[in-house]
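Okay, structure first, notes after.
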Amino acid sequence: MIVRPLSALVWSLLIVLASSATSIASPPASDTLLPATTKGYIAVPDMARLLAYFNKSQFGQLFNDPAMQPFVDDFRHQLQQKGLKQLDQLGLSWEELESIPGGETALAVIQPNPDSAALALIVDVTGRQQMAEALLEKVAARMARNGAKQFRRQAGDPIVAYQLAVEPDRKVAPTAAYYLRNNLLVASDSIPVMESIVAATTSSRQDSLANVPAYREIMARCRASAGVGEVIPDFRWFIEPFGYVEALRSELPPRERRKGPDLLKVFKNQGFTAIQGVGGFVNFSAGKYELVHRTAIYAPPLPGRETYSKDKYNLAARMLCFPPGGELQPQSWVPSDIATYTTFNWDMKTAFINAETLVDEMVGEKGVFRDVLESLRDDSDGPMVDIEKNLVAHLGDRATVITDNEIPIGPRSERKVFAAELTNERVVAETIHKLMESDKDAHRREFEKFVIWEIVPAECEVPNLEIEGPGGKIQPVGHTHIKRNKEERLLSTSAICVAHGQLYCASHIEFLKKVLSHVNSPNHLSAAADFQLVSGHAATMGSNGSISFRTFSRMDEELRPTYELIRTGQMPRAETLLGQILNSVLGEGKEGVLRKQRIDGAALPEFDAVRKYLGPAGFIVSSLEDGWLCIGFALPRATAVETGVDMNARAELRTTTAESNSRKAEGDEIQAIR
């Protein structure tokens with residue numbers, strides 16, 4: 001759910017820190033110094049420990065691989081330009097900070113009011129006081145060179161503050177403040193925030209981050225889950241989602257106004273502020289695991305609402321209904337060679353009903369959702385289908401998403417199938433038939449004993465074919481010169497089918513065909529050795545509640561499309577989930593403008609050189625009375641191989657099979673046009 005998008009932020013920090021080394025010291029309570037208005041927080045109790053364990057893990061080995069260094073350095077530079085510019089404003093750099101910590105290092109995003117944000121860096125410099133003093137002397141010299149003016153403060157005031165030059169896209173001149181005393185170094189771009197932190201060093205503050213209920217509950221939950229011997233994470237983090245996004249927005253320079261609704265405002269209005277916090281613990285090289293993460297989501301019921309009732313939240317937030325129960329093992333139709341598998345319990349009927357207010361607000365007109373349903377039911381020019389009675393009423397309580405990759409890799413290579421469990425397959429099949437018959441872009445396809453409805457925009461129904469002949473020239477087919485562009489052939493289409501007690505929706509019809517025909521094959525995911533390995537470890541990880549989600553990932557196949565797109569310079573056009581996250585982080589935020597790829601991937605090695613560092617992974621999510629707890633892990637690739645999984649052979653077989661299928665599909669299309 002929310003875990004993958006958060007993991008991208010974690011990777012960003014680790015890449016920046018991956019080459020530093022420090023000594024060990026007991027951490028100060030940075031969360032007691034920070035205000036309750038802290039919206040984003042990451043703390044490393046012991047930098048030396050983090051880096052030692054990270055470098056020991058296969059992820060650290062990957063980033064330290066000499067073949068990866070041009071990419072790692074370039075990516076670090078881009079992150080510093082995009083997401084870490086505030087440190088530059090403070091006159092600091094990560095390289096200079098690497099040798100300063102003698103204990104905990106914490107970085108926080110604070111929201112003093114709804115229209116502003118502040119950054120605070122807190123470092124325990126025990127045993128490195130002189131190095132910290134030398135660093136601040138460098139900062140003072142830089143401030144002088146850059147024309148910053150030092151504020152006059154009372155004699156004996158330990159805070160040193162500067163006013164910087166006004167930036168072109170800001171109305172107010174930025175500030176930078178520093179404090180170094182009693183083995184504590186603090187830096188902030190807000191003088192009031194700095195003053196409140198310094199005051200908390202001598203007298204306990206009641207309005208601290210440590211006293212925020214969401215933060216307190218999340219940290220306690222993760223600590224209890226970790227158990228004895230693992231209570232100290234390599235790093236811990238916390239985000240209050242809506243405040244964090246608001247804080248980031250306030251610090252960004254003006255951008256072109258995006259079309260459509262303000263999603264932040266919409267989700268706040270629709271009750272999703274029930275999610276008061278997300279955070280957790282992360283450990284590298286934790287025993288038999290390359291990575292272990294424990295992530296808690298704190299979302300208590302509204303006052304007066306029952307814990308597990310369907311109306312524990314308001315409006316569309318009631319869609320967050322994931323009942324616990326069941327083993328959630330792979331269904332027989334799930335192929336054994338997929339890249340990722342996610343399955344979860346979901347009260348889809350409740351979710352559909354409560355989507356009404358969300359859809360109306362997204363469209364900007366009250367009643368639109370209900371009008372559409374009534375039109376589909378009553379309009380004689382339409383399908384005359386009662387969606388609620390003949391489709392939604394027959395949805396079950398389990399949904400599944402699987403992905404794989406189409407070879408050769410392109411921006412749209414990641415293929416997806418979403419499956420919703422049904423309680424009455426026949427009625428739903430009849431309903432889908434009526435809906436599709438009335439859609440001019442829906443085309444009936446027959447495959448084996450199944451009926452598939454492929455939705456293809458009319459202008460794309462007959463794609464152009466590029467046929468390479470001698471000398472690379474375009475060859476005619478029949479009486480027509482047909483140009484085939486592989487990228488265009490993969491323009492978004494969807495395929496829908498009712499079978500196996502499921503309603504299938506697929507991004508690629510060929511992937512759906514594979515799923516439909518696989519139910520009679522003995523090669524199910526549940527029989528795969530690496531899945532069984534991950535499933536066995538998940539069962540021993542422990543959880544505080546009944547499972548609602550289960551995921552399985554072959555990280556090599558999951559990350560392969562994004563890697564190849566970076567390597568071939570196609571990243572800005574990526575439609576993979578990870579690709580879209582990275583494009584958002586590194587992009588300019590301009591509507592309809594394709595960003596320019598700034599990371600040079602030309603020096604990256606072939607993916608086979610990277611694959612050896614990536615093994616299987618998974619996580620489980622438990623539903624609690626006031627939120628959810630996710631426990632995830634990544635296993636060494638060697639562990640999977642030891643269980644009898646020949647991961648390289650499997651990857652080669654997938655590539656060979658996919659290329660063969662691709663050539664066959666192109667041949668079939670050429671023959672059909674002839």
Side-chain angles (χ1 to χ4, degrees), residues 1-4 6-7 9-11 13-14 17 24-32 41-60 103-106 209-210 212-239 276-299 324 534-551 615 617-636 639:
M1 31 202 250
I2 199 169
V3 176
R4 287 176 180 161
L6 290 173
S7 66
L9 297 176
V10 171
W11 277 113
L13 182 63
L14 291 172
L17 295 176
I24 299 175
S26 58
S30 61
D31 53 3
T32 65
Y41 171 76
I42 185 166
V44 179
D46 182 343
M47 194 72 73
R49 172 191 166 94
L50 165 65
L51 294 167
Y53 282 108
F54 174 72
N55 291 332
K56 181 182 176 182
S57 73
Q58 289 189 343
F59 303 116
E104 182 185 58
T105 301
L209 172 63
V212 172
Y215 174 83
R216 187 175 61 246
E217 292 297 325
I218 286 171
M219 294 298 116
R221 197 154 293 162
C222 292
R223 190 175 300 111
S225 172
V228 178
E230 290 189 58
V231 293
I232 299 178
D234 291 338
F235 70 87
R236 54 197 172 99
W237 61 279
F238 170 79
I239 286 177
Q276 298 180 21
V278 183
F281 289 3
V282 177
N283 288 87
F284 292 96
S285 300
K288 62 187 76 172
Y289 304 105
E290 297 296 307
L291 167 74
V292 173
H293 67 86
R294 295 173 172 86
T295 302
I297 301 172
Y298 183 67
V534 169
S535 182
H537 280 280
T540 64
M541 292 293 287
S543 61
N544 297 333
S546 299
I547 293 176
S548 297
F549 282 73
R550 177 187 295 276
T551 78
F619 67 79
I620 54 175
V621 178
S622 303
S623 289
L624 309 177
E625 294 182 354
D626 52 4
W628 300 270
L629 175 65
C630 170
I631 303 175
F633 56 90
L635 289 166
T639 300

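Atoms considered below: every heavy atom in the structure, side chains included; atoms not considered: hydrogens, waters and symmetry mates.
- Taking 4.5 Å as the limit, some side-chain heavy atom of Arg550 sits within range of a side-chain heavy atom of Ser535.
- Separation of atoms CZ (Arg223) and CD1 (Ile232) is listed at 10.5 Å; rounding is to 0.5 Å.
- Note: Phe238 and Tyr215 have perpendicular aromatic rings, judged against thresholds of 30 and 60 degrees for the angle between ring planes.
- For the pair Ser57 (side chain) and Ser285 (backbone), a donor-acceptor distance under 3.5 Å is absent.
- Inter-residue side-chain proximity for Asn283 and Arg49 is flagged as met; some heavy-atom pair is nearer than 4.5 Å.
- In terms of heavy-atom proximity, Val621 sits nearest to Cys630 at CG2-CB, 4.0 Å.
- The shortest distance between side-chain heavy atoms of Asn55 and Phe284 does not fall below 4.5 Å.
- Considering only heavy atoms from C-beta on, Thr295 comes within 4.5 Å of Trp237 through its side chain.
- Legend: residues meeting side-chain hydrogen bond (donor to acceptor under 3.5 Å, both in side chains) with Thr105, ordered by chain and number and at least two apart, are absent.
- Counting heavy atoms from C-beta outward, Ile297 and Val278 have side chains that approach closer than 4.5 Å.
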Asp31/Met219 under side-chain contact (heavy atoms from CB on, under 4.5 Å): CA gap, chis, key distance, verdict: CA-CA 11 Å; Asp31 53 3; Met219 294 298 116; 5.7 Å; no

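- Not a single side-chain hydrogen bond (donor to acceptor under 3.5 Å, both in side chains) links Tyr298 to another residue, sequence neighbours left out.
- Atom CG of Asp626 is separated from atom CZ of Arg221 by 4.0 Å, given to the nearest 0.5 angstrom.
- No donor-acceptor distance shorter than 3.5 angstrom exists from the side chain of Glu290 to the backbone of Ala634, with no hydrogens or angles considered.
- Using cut-offs of 30° and 60° for the angle between ring planes, the His537 and Tyr289 rings count as perpendicular.
- Judged as a side-chain hydrogen bond (donor to acceptor under 3.5 Å, both in side chains), and not counting sequence neighbours, Tyr53 has no contacts.
- In this structure, Ala210 and Thr32 approach most closely via the heavy-atom pair CB-CG2, 4.0 Å.
- Separation of atoms CD1 (Ile631) and OG (Ser225) is listed at 3.5 Å; rounding is to 0.5 Å.
- The shortest heavy-atom contact between Ala617 and Val534 is O-CG1, 3.9 Å.
- Listed here is the closest heavy atom pair of Ser30 and Tyr41: OG-OH, 2.7 Å.
- For the atom pair Ile620 CD1 and Ile547 CD1, the distance stands at 4.0 Å (nearest 0.5 Å).
- Using the six-membered ring where Trp is involved, His293 and Phe619 have ring planes that are perpendicular, over 60° apart on the 30 and 60° scheme.
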